[in-house]
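Here the structure comes first, spelled out in C-alpha cells, and everything after it is commentary.
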Amino acid sequence: MFSTPIEFRNYGQQAVEAAKYIGQGSAVTLDHLSRSPITVKYPYEKLLQSERFRGRIHFEFDKCIACEVCVRVCPINLPVVDWILMRDTKKKRLGSYSIDFGVCIFCGNRVEYCPTNCLSMTEEYELSSYDRHELNHDQTALGRLPLSISQDVSIQVVFTSLNFLSKGFESEKLAK
C-alpha cells in the first residue's frame, strides 16, 4: 500500500538528478561555444616554435673535428661519422657525416655536447616523406640552411591578405 508513493518519490528524485546532469553537460557545451577556435589552417598558417624547440639538425662540415662526441652521447648511437687519419699531422679529417631522422628521437644531446658547435637545432619540423630512406640525411642535406617560418614568403602573403581583409571589414563597420 505504501510502496506506490515511495516508487513515485524515487522516480522524481531520479528525474531531478537526470535533469541536473543534462544541465551540467549543456553548461560545458555552452562554455565551449564562447571560446575562440584553436585550430590553425596549417599549410597557410604556421605557429612559431618556442626558443628551445628541437627540430632538424643543422651541421657545419668545416667546423667538425671528427671527435665523435656526438656518437658517444647519443642514446641510440645514431650519427655515422667516417673520418680519415692524416698521418703527417696526426689529426682526424672528417670524411662523411650522416643522421637517420627516421630513428632520431630529437633529444638534442649531440648538439649540447659538441665541442666545436658545428651542430645546431633548427625550427624545421616538416620532415615527413613516403620513403624511409629519404630520412637519412648526409652532410650535404644537414648543411642546408633551413627556411625560417617567419621568412616564408607564402606564409607572409597569407598573413598580409588576412590582415588586409580584417582591416577592410573594420573600415566597413566604422563607415556604417
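Positions are given from 1 along the sequence.
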Under 4.5 Å between side-chain heavy atoms, counting indirect links through other Ile/Leu/Val/Met/Phe/Trp/Tyr residues: same cluster for [X] and [Y] or not?
| X | Y | answer |
| --- | --- | --- |
| Val73 | Met121 | no |
| Val28 | Ile22 | no |
| Val111 | Val103 | yes |
| Val81 | Ile76 | yes |

To the nearest 0.5 Å, tell me how far [X] [atom1] sits from [Y] [atom2].
| X | Y | atom1 | atom2 | value |
| --- | --- | --- | --- | --- |
| Glu68 | Asn77 | CD | CG | 10.5 Å |
| Ile99 | Cys74 | CD1 | SG | 8.0 Å |
| Phe59 | Thr140 | CZ | OG1 | 10.0 Å |
| Lys63 | Leu94 | NZ | CG | 14.5 Å |
| His58 | Glu123 | NE2 | CD | 13.0 Å |

So Tyr125 and Tyr42, would you call those rings parallel, tilted or perpendicular, with 30° and 60° as cut-offs?
tilted
Can you label the angle between the His137 ring and the Phe101 ring as parallel, tilted or perpendicular, going by 30° and 60°?
perpendicular
Shared-cluster residues of Tyr130, by chain and number - hydrophobic side chains joined below 4.5 Å:
none
Show which residues join Tyr21 in its hydrophobic cluster (side-chain heavy-atom contacts under 4.5 Å, direct or indirect), or state none.
none
Can you name the side-chain hydrogen bond (donor to acceptor under 3.5 Å, both in side chains) partners of Asp82, sequence neighbours left out?
Ser96
Pair up each side-chain donor or acceptor in residues 30-39 with any protein partner under 3.5 Å, not counting sequence neighbours, and list the distances.
| unit_1 | atom_1 | unit_2 | atom_2 | d |
| --- | --- | --- | --- | --- |
| Asp31 | OD2 | Arg35 | NH2 | 2.9 |
| Ser34 | OG | Asp31 | O | 2.8 |

Output every pair passing salt bridge (charged side-chain N to carboxylate O under 4.0 Å, His left out) with a member in residues 86-95, not counting sequence neighbours, ordered by first then second residue.
none
Provide the closest heavy-atom pair for [X] versus [Y] in the form atom of the first, atom of the second, distance.
| X | Y | result |
| --- | --- | --- |
| Asn109 | Pro75 | ND2-CD, 4.0 Å |
| Ile57 | Arg110 | CD1-NH1, 2.9 Å |
| Trp83 | Ala66 | CB-CB, 3.8 Å |
| Leu142 | Tyr97 | CD1-CD2, 3.8 Å |
| Thr116 | Cys64 | OG1-CA, 4.3 Å |
| Leu119 | Cys70 | CD1-CB, 4.1 Å |

Surrounding CZ of Phe61 (heavy atoms of other residues, nucleotides or ligands, distance under 6.0 Å), is the total greater than 12?
yes
Side chain to side chain, [X] and [Y], heavy atoms closer than 4.5 Å:
| X | Y | result |
| --- | --- | --- |
| Val16 | Gln13 | no |
| Tyr113 | Arg72 | no |
| Cys114 | Val69 | no |
| Cys104 | Asp100 | no |

Short N-O contact, Arg54 and Glu112, less than 4.0 angstrom:
no
By salt bridge (Lys or Arg N to Asp or Glu O under 4.0 Å), Arg56 pairs with (sequence neighbours left out) Glu124
